[in-house]
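From a predicted model like this one, the values you see are computed outputs, not experimental measurements. Because only heavy atoms are used, hydrogens play no part in the values below, and waters and symmetry mates are left out as well, while side chains stay in.
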Amino acid sequence: MSRILAVVAYGILALTMLGRPAQAQQPQEQPAKPPPFATTKVEGTDNVYVFRYGNSQAMFVVTSAGVIATDPIGYGRPQAVTTYIDEIKKVTNQPIRYVIYSHHHFDHIAGGKPFKDAGATFIAHKRAKERLEQIKDPHTVIPDETVDNNRTITLGGTTLELIYLGLNHSDSTLLMLLPKEKIIFTVDWLPVGTLPGRGMIDFYPLEAEDSFKKVLAMDWERLIPGHPGRDGRLGTKKDVQDQLTFLQDASEAVKVAAREGKCWDAVEKEMKLPKYADWPNYDAAMPFVLRRYCGLWGRGT
Ligand SMILES: [Zn+2]
């Protein structure tokens, strides 16, 4: 009934507009594209910020004795790094004392030279340094200092713990914990409300489960991911648990298929996990996830 009324109403509207196209025929407005970068103070803190550039982000912490920055996120876009430094300067005059790498992948850590020129000390897990020294990427600063299992940085009254949980995404991931603020920053292995995509290329499925269990047992409330979470939100322990459940479901399904000889092609092309079909990047991400688990259960890798 209301639909018929609407059609009649639009008909009258079209007539009264004397040839101008009726509004109903206009293409629907697209949702506004987010600005190219943004700096956001984490709610409820005095000094913890998220710098997002494009689809990557990093945490920085401002203290009375200097700034602790993380990942430069400048792969193929040096302007991201200079923008990052300009954004820090907008909120503080303090010098940038540290840059801490989340892990060794270039999409997160390339481009750090302007931070180096500003006098920052670069810290990473020891395997990140070993790897970077082998590859010698011209755009990636080699860390000055390394962490083996744990290190605590105390600066201007802020404590930041750098924690190595073992193999998960890459062999060099540091989880960064602000114990007072109960915030963690860790990259690529704990997506918030989305599926892991290309990150699965360098992922240790069996060992990573340990890391998930360890992070669930730690004392924190909010997770800053290395790529914006679903709707731009921060993560919670529920997101970590959901991600673990997703990986376990994918793993179990592929294991059965692999033992029937269906890896790689049949699994990659045909397998679906409908429970997760409404996660934002389901179609793009699933082939990466299925390929990784075919590697495990169909080949032993
Ligand atoms: Zn990565």
Undergrad: Keeping Arg52 on the side-chain end and Gly54 on the backbone end, is there a donor-acceptor pair under 3.5 Å?
TA: yes

Undergrad: Counting only heavy atoms not in Arg291 (residues, nucleotides, ligands), do more than 12 fall under 6.0 Å from its CZ?
TA: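 No - once you tally the heavy atoms of other residues, nucleotides and ligands closer than 6.0 Å, there are 12 at most.
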
Undergrad: Side chain of Asn281, backbone of Leu195: donor and acceptor closer than 3.5 Å?
TA: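 Side chain of Asn281 to backbone of Leu195: a pair is present.
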
Undergrad: Can Val42 be reached from Met218 by stepping across I, L, V, M, F, W or Y side chains whose heavy atoms are under 4.5 Å apart?
TA: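 Each belongs to a different hydrophobic cluster.
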
Undergrad: Before accepting this row, confirm whether a basic side-chain N of the pair Lys90/Asp86 lies closer than 4.0 Å to the acidic partner's carboxylate O.
TA: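 A salt bridge is absent here (no side-chain N lies under 4.0 Å from a carboxylate O).
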
Undergrad: Looking at Tyr75, I'd like to know if its OH atom is crowded, meaning that more than 12 non-hydrogen atoms belonging to other residues, nucleotides or ligands lie closer than 6.0 Å.
TA: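 For Tyr75, atom OH is not crowded (no more than 12 foreign heavy atoms under 6.0 Å).
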
Undergrad: Once rounded to the nearest 0.5 Å, what's the spacing between atom CZ of Arg292 and atom CG of Asp202?
TA: 9.0 Å

Undergrad: Please say yes or no: joined through hydrophobic side-chain contacts below 4.5 Å, possibly via intermediate residues, are Val61 and Ile100 part of one cluster?
TA: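 Shared cluster, yes.
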
Undergrad: If we count only N and O atoms by modelled type, under 3.5 Å, do the side chains of Thr121 and Asp144 hold a donor and an acceptor together?
TA: no

Undergrad: Mind checking whether Phe246 and Lys275 have side chains closer than 4.5 Å, heavy atoms only?
TA: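 With C-beta onward as the side chain, the pair stays apart.
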
Undergrad: When rounded to the nearest 0.5 angstrom, what is the spacing between CD1 in Ile123 and OG1 in Thr70?
TA: 12.0 Å

Undergrad: Judged by atom type as modelled, is there a donor-acceptor pair below 3.5 Å linking the side chain of Lys262 to the main-chain atoms of Val267?
TA: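 No; zero donor-acceptor contacts below 3.5 Å.
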
Undergrad: Just wondering, do Thr245 and Asp249 contact through their side chains at under 4.5 Å, heavy atoms?
TA: yes

Undergrad: Kindly determine whether His105 and Ile109 satisfy side-chain contact (heavy atoms from CB on, under 4.5 Å), including the steps that lead there.
TA: CA-CA 6 Å; His105 293 163; Ile109 65 164; over 6 Å; no

Undergrad: Check whether any side-chain heavy atom of Arg97 lies under 4.5 Å from a side-chain heavy atom of Ile68, and answer yes or no.
TA: no

Undergrad: Around atom CG of Asn93, are there more than 12 heavy atoms from other residues, nucleotides or ligands closer than 6.0 Å?
TA: no

Undergrad: Is there a chain of hydrophobic side chains (I, L, V, M, F, W, Y, each step under 4.5 Å between heavy atoms) that links Val67 to Met59?
TA: no

Undergrad: On a heavy-atom basis, which atom in Ala120 and which in Val99 lie closest, and how many Å separate them?
TA: CB-CG2, 3.9 Å

Undergrad: Restricting to non-hydrogen atoms, name the atom on Ala65 and the atom on Gln94 that form the minimum distance, rounded to 0.1 Å.
TA: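 Minimum heavy-atom separation between Ala65 and Gln94: C-OE1, 3.5 Å.
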
Undergrad: Does one side chain, of Thr83 or Glu87, offer a donor that lies under 3.5 Å from an acceptor on the other?
TA: no

Undergrad: Return the orientation label for the His125 and Tyr164 ring planes: parallel under 30°, perpendicular over 60°, tilted otherwise.
TA: parallel

Undergrad: Could you pull out the closest heavy-atom pair between Phe185 and Ser102, with the gap in Å?
TA: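 Heavy-atom minimum between the residues: CE2-CB, 4.5 Å.
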
Undergrad: Could you name each residue pair satisfying ring pair (Phe, Tyr, Trp, His ring centres under 6.0 Å) that touches residues 190-232, not counting sequence neighbours?
TA: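 Every pair satisfying ring pair (Phe, Tyr, Trp, His ring centres under 6.0 Å) with a residue in residues 190-232: His108-His227, Trp189-Phe212.
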
Undergrad: Measure the acute angle between the ring planes of Trp279 and Tyr276, then classify it against the limits of 30° and 60° as parallel, tilted or perpendicular.
TA: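 If you compare the ring of Trp279 with that of Tyr276, the planes turn out perpendicular.
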
Undergrad: Within a reach of under 6.0 Å around NZ of Lys113, are more than 12 heavy atoms found that belong to other residues, nucleotides or ligands?
TA: no

Undergrad: Would Leu155 and Tyr98 satisfy side-chain contact (heavy atoms from CB on, under 4.5 Å), going step by step from the backbone distance to the final call?
TA: CA-CA 10 Å; Leu155 187 69; Tyr98 296 106; 4.2 Å; yes

Undergrad: Using a 4.5 Å cut-off on heavy atoms from C-beta on, say whether the side chain of Cys263 contacts that of Trp297.
TA: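 No - every pair of side-chain heavy atoms lies 4.5 Å or more apart.
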
Undergrad: Measure across Ile73 and Gln57 and return the closest heavy-atom pair with its distance rounded to 0.1 Å.
TA: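 Closest heavy-atom pair between Ile73 and Gln57: CD1-CA, 4.0 Å.
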
Undergrad: Applying side-chain contact (heavy atoms from CB on, under 4.5 Å) to Lys272 and Tyr282, what does each step give before you reach the verdict?
TA: CA-CA 10 Å; Lys272 305 270 181 263; Tyr282 175 85; 3.7 Å; yes

Undergrad: Evaluate the side-chain proximity of Lys238 to Asp242: yes if any heavy-atom separation is below 4.5 Å, no if none is.
TA: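 When only atoms from C-beta onward are counted, Lys238 and Asp242 do touch, with a gap below 4.5 Å.
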
Undergrad: Let me see the working for Phe60 and Tyr49 under ring-ring contact (aromatic ring centres under 6.0 Å, His included), right down to the final yes or no.
TA: CA-CA 5 Å; Phe60 67 92; Tyr49 294 83; 4.9 Å; yes

Undergrad: Determine the minimum heavy-atom distance between Ser211 and Leu167, stating which atoms define it.
TA: OG-O, 3.7 Å

Undergrad: Atom CZ of residue position Arg131 - does it have more than 12 heavy atoms of other residues, nucleotides or ligands inside 6.0 Å?
TA: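 12 or below, so no.
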
Undergrad: Could you check whether atom NZ of Lys180 has more than 12 heavy atoms from other residues, nucleotides or ligands sitting under 6.0 Å from it?
TA: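 Atom NZ in Lys180 is not packed in, count stays at 12 or less.
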
Undergrad: Salt bridge between Arg233 and Asp239, side-chain N to carboxylate O under 4.0 Å?
TA: yes

Undergrad: Could you tell me whether Glu209 and Lys213 have a side-chain N and a carboxylate O separated by less than 4.0 Å?
TA: yes

Undergrad: Out of curiosity, Leu160 CG to Thr63 OG1, how far, rounded to the nearest 0.5 Å?
TA: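 The OG1 atom of Thr63 is 11.0 Å from CG of Leu160, to the nearest 0.5 Å.
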
Undergrad: Using only atom types and a distance under 3.5 Å, with no angle test, would you say the side chain of Lys136 pairs donor to acceptor with the backbone of Glu133?
TA: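 It does hold such a pair.
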
Undergrad: Return the CD1 to NZ distance between Ile184 and Lys237, rounded to the nearest 0.5 Å.
TA: 8.5 Å

Undergrad: Does Asp210 form a side-chain contact (heavy atoms from CB on, under 4.5 Å) with Leu165? I'd like the steps, not just the answer.
TA: CA-CA 8 Å; Asp210 255 15; Leu165 295 174; over 6 Å; no

Undergrad: Indicate yes or no: does Arg151 engage Glu145 in a salt bridge with an N to O separation below 4.0 Å.
TA: yes

Undergrad: Starting from Leu234, can I reach Met176 by hopping between I/L/V/M/F/W/Y residues whose side chains sit under 4.5 Å apart?
TA: yes

Undergrad: Parallel, tilted or perpendicular: which describes the rings of Phe122 and Phe115, with under 30° parallel and over 60° perpendicular?
TA: perpendicular

Undergrad: Are Arg230 and Pro225 close enough that some pair of their side-chain heavy atoms sits under 4.5 Å apart?
TA: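 A side-chain contact is absent here, since even the closest heavy-atom pair is not under 4.5 Å.
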
Undergrad: Quick one: are Ile88 and Phe51 in side-chain contact, heavy atoms under 4.5 Å?
TA: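 A side-chain contact is absent here, since even the closest heavy-atom pair is not under 4.5 Å.
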
Undergrad: How close do Pro228 and Ser56 get, heavy atom to heavy atom, and via which atoms?
TA: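 Pro228 and Ser56 have their closest heavy atoms at CD-N, 4.3 Å.
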
Undergrad: Ser172 side chain to His104 main-chain N or O, any donor-acceptor pair under 3.5 Å?
TA: yes

Undergrad: Check whether Gln243 reaches the backbone of Thr194 with its side chain - one donor and one acceptor, N or O, closer than 3.5 Å.
TA: yes

Undergrad: Say whether Leu216 and Leu177 are linked into one hydrophobic cluster, either directly or through other cluster members, by side-chain heavy-atom distances under 4.5 angstrom.
TA: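 Yes, same cluster.
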
Undergrad: Can you find a heavy atom in the side chain of Leu247 that is under 4.5 Å from one in the side chain of Met200?
TA: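 Side chain of Leu247 against side chain of Met200, heavy atoms only: contact under 4.5 Å found.
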
Undergrad: If you count the non-hydrogen atoms of other residues, nucleotides and ligands that lie under 6.0 Å from CD in Glu260, is the total more than 12?
TA: yes

Undergrad: First locate atom CG of Asp188, then atom CZ of Arg198, and finally report the distance between them rounded to the nearest 0.5 Å.
TA: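 Taking CG in Asp188 and CZ in Arg198, the distance rounds to 11.5 Å.
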
Undergrad: Please report the interatomic distance OG(Ser251) to CG(Leu296), rounded to the nearest 0.5 Å.
TA: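 Interatomic distance, Ser251 OG to Leu296 CG, rounded to 0.5 Å: 6.0 Å.
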
